[in-house]
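Below is one structure; the comments refer to it alone.
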Amino acid sequence: MGPKKRLQSKSRLRSILAIPLGGVDFVDGEGGQAALRVALALVVLGAYAAAQLTGYFGDLAVPLQCIGAYLLFACTWCVVVAAEFGSVRVRLLAVIFLDELSFCLVMWRGGEAMAVIAWLPIFMSLGNGLRFGMRIAMYSAALAAVGLSTVFLVVPYWRAYGAASAGLVLAAIFVPLYGVALARKLDLRRRAAEQRALDAEEATRMDALTRVANRVGFTSALSRVLEESRSTGMAACVFYVDLDGFKAVNDQIGHHAGDKALVDVAEALRGCVRSTDVVGRLGGDEFAIVARGMNDRQDAEILAEKIALSVRAVRLQDARLRLGASIGICTLPHDGISTPQQAIDAADQAMLSVKKRSKNGFEFASLPA
């Protein structure tokens with residue numbers, strides 16, 4: 001192992017051993033598992049040491065030795081995890097086997113004094129399953145059941161309580177499996193609820209007809225672009241697109257044809273921009289685009305011409321009718337633009353200027369210096 005690897009292992013070991021002392025997350029993978037093992041051994045050792053001092057449970061010297069030996073194993077395994085000996089899967093299977101074997105030895109040597117912690121194999125199997133999945137839970141539960149059965153058959157104290165012993169063995173099998181299955185089902189329900197919440201939120205930000213952003217969604221996206229533009233100086237443009245000739249489509253062909261035209265225009269606009277840009281429908285036949293990376297006016301002009309061509313290319317049910325686009329452009333960043341609505345309004349005013357002048361064209365917003 002090289003010096004760099006040793007330093008990484010020492011750092012990882014310190015972070016693992018800090019978990020029981022610092023109250024950090026016990027759930028996170030191997031490190032959390034190793035730290036929790038140390039923490040539990042310390043707690044159990046402390047409890048038995050206190051009981052030994054009171055003398056209420058008699059002489060607990062042998063159980064204390066057994067628990068101390070398990071604590072030594074737990075600390076040793078922290079070193080194994082930190083040094084990354086073997087593969088993760090091999091370490092995982094090995095430590096679960098050693099956990100159950102160590103516990104059985106503690107139960108055997110400690111005798112009836114260990115009855116108070118006879119539930120620990122159930123806890124360990126459940127924890128392993130919640131961390132690493134159902135297969136690991138089954139493996140751990142099987143080892144726990146075999147180990148406990150052996151101890152209960154060998155130790156006279158447990159043979160005298162056959163029904164209780166059998167109950168513990170069954171609990172060691174079924175409680176972890178049920179717990180992991182229940183946790184998995186609850187997790188699936190949680191994810192489904194989160195997805196429904198995301199879908200509902202997306203629905204509030206998306207135009208139901210054209211499936212592009214609605215005004216709320218577009219304003220939210222534009223707000224992020226404005227912030228990025230102010231903080232990094234990234235160039236961007238807002239394009240306000242009003243359809244020319246759309247009223248004739250509704251009047252002469254019908255609203256159904258008008259709706260289809262809007263859907264086709266939205267699709268055409270999406271085809272003009274990159275995935276990082278946002279197309280929105282602000283209402284009626286008015287669309288907007290916020291495009292990143294518009295490094296100069298020429299880039300904006302090229303995109304505006306592309307937008308105009310794509311709108312004119314939309315085919316209508318009546319071949320005599322044609323759509324056009326009046327486009328207003330607001331460049332970012334600009335000292336006079338600090339909110340999304342200001343950028344939209346500036347592009348809107350430029351679009352209205354095109355409408356009044358000739359339609360089917362584009363114009364940049366006139367902003368104060």
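This chain uses plain numbering: 1 for the first residue, then up along the sequence. Note that the structure is predicted; figures quoted are calculated from it, not measured.
The closest side-chain heavy-atom distance from Phe364 to Glu301 is below 4.5 Å. Side-chain contact between His256 and Asp259 is absent, with no heavy atoms from C-beta onward closer than 4.5 Å. At least one side-chain heavy atom of Gln33 sits less than 4.5 Å from a side-chain heavy atom of Asn128. Residues Met124 and Leu40 form no side-chain contact, since every pair of their non-hydrogen atoms from C-beta on lies 4.5 Å or further apart. Within the 4.5 Å cutoff, the side chain of Leu303 has no heavy atoms near those of the Asp299 side chain. Within the 4.5 Å cutoff, the side chain of Met107 has no heavy atoms near those of the Val155 side chain. Side-chain contact between Leu309 and Lys306: absent, with no pair of heavy atoms (C-beta onward) separated by less than 4.5 Å.
The side-chain contact (heavy atoms from CB on, under 4.5 Å) check on Arg191 picks up Asp187, with sequence neighbours excluded. Scanning for ring pair (Phe, Tyr, Trp, His ring centres under 6.0 Å) contacts around Phe152 gives Trp158, with sequence neighbours left out. When the side-chain contact (heavy atoms from CB on, under 4.5 Å) test is applied to Arg196, the partners found at least two apart in sequence or on another chain are Ala192, Ala193. Taking Arg159 as the reference, nothing meets the side-chain hydrogen bond (donor to acceptor under 3.5 Å, both in side chains) condition, with sequence neighbours excluded. With sequence neighbours excluded, no residue forms a ring pair (Phe, Tyr, Trp, His ring centres under 6.0 Å) with Tyr178. Residues satisfying the side-chain contact (heavy atoms from CB on, under 4.5 Å) criterion with Arg357, sequence neighbours excluded, are Ser353, Val354, Glu363. Every residue meeting the side-chain contact (heavy atoms from CB on, under 4.5 Å) condition with Asp264, not counting sequence neighbours, appears here in chain and number order: Lys260, Val314. Every side-chain hydrogen bond (donor to acceptor under 3.5 Å, both in side chains) that Arg230 has, sequence neighbours left out, goes to Glu227.
Closest of all the heavy-atom pairs between Gly328 and Ala350 is CA-CB, 3.7 Å. Heavy atoms only, all atoms of each residue included: Arg281 and Leu209 are closest at NH1-CD2, 3.7 Å. Minimum heavy-atom separation, Val38 to Cys75: CG2-N, 4.1 Å. Nearest heavy atom pair, residue Ala144 against residue Pro121, reads CB-CB, 3.9 Å. Contact detail for Val180 and Ala137: the closest heavy-atom pair is CG2-CB, 3.8 Å.
Judged by distance alone, with hydrogens and angles left aside, the side-chain atoms of Tyr139 form a donor-acceptor pair with the main-chain N or O of Leu93 at under 3.5 Å. Side chain of Asn295 to backbone of Ala235: no donor-acceptor contact under 3.5 angstrom is found.
More than 12 heavy atoms of other residues, nucleotides or ligands sit less than 6.0 Å from atom CE of Met234. The environment of Arg320 atom CZ is sparse: at most 12 non-hydrogen atoms of other residues, nucleotides or ligands sit within 6.0 angstrom.
Judged as a ring-ring contact (aromatic ring centres under 6.0 Å, His included), not a single pair has a partner in residues 88-114 (not counting sequence neighbours). Residue pairs meeting the side chain to side chain donor-acceptor pair (under 3.5 Å) criterion with at least one partner in residues 268-279, sequence neighbours excluded, are Glu267-Arg270, Arg274-Asp277. The side chain to side chain donor-acceptor pair (under 3.5 Å) contacts involving residues 39-56 comprise Gln52-Asp59, where partners must be two or more places apart or lie in separate chains. Applying the side chain to side chain donor-acceptor pair (under 3.5 Å) test to residues at least two apart or on different chains, the pairs with a partner in residues 69-79 are Tyr70-Asp99.
Atom CE of Met351 and atom CD1 of Ile329 lie 12.5 Å apart (nearest 0.5 Å).
With respect to the salt-bridge test (charged N to carboxylate O, under 4.0 angstrom), the residues Glu228 and Arg224 do not qualify.
A side-chain donor-acceptor contact under 3.5 Å links Ser326 and Asp244. Thr219 and Arg215 form no side-chain donor-acceptor contact under 3.5 Å, judged by distance and modelled atom types alone.
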*Check the pair Asp285 / Val265 against side chain to side chain contact (heavy atoms under 4.5 Å, CB included), numbers first and verdict last.*
CA-CA 9 Å; Asp285 60 343; Val265 167; over 6 Å; no

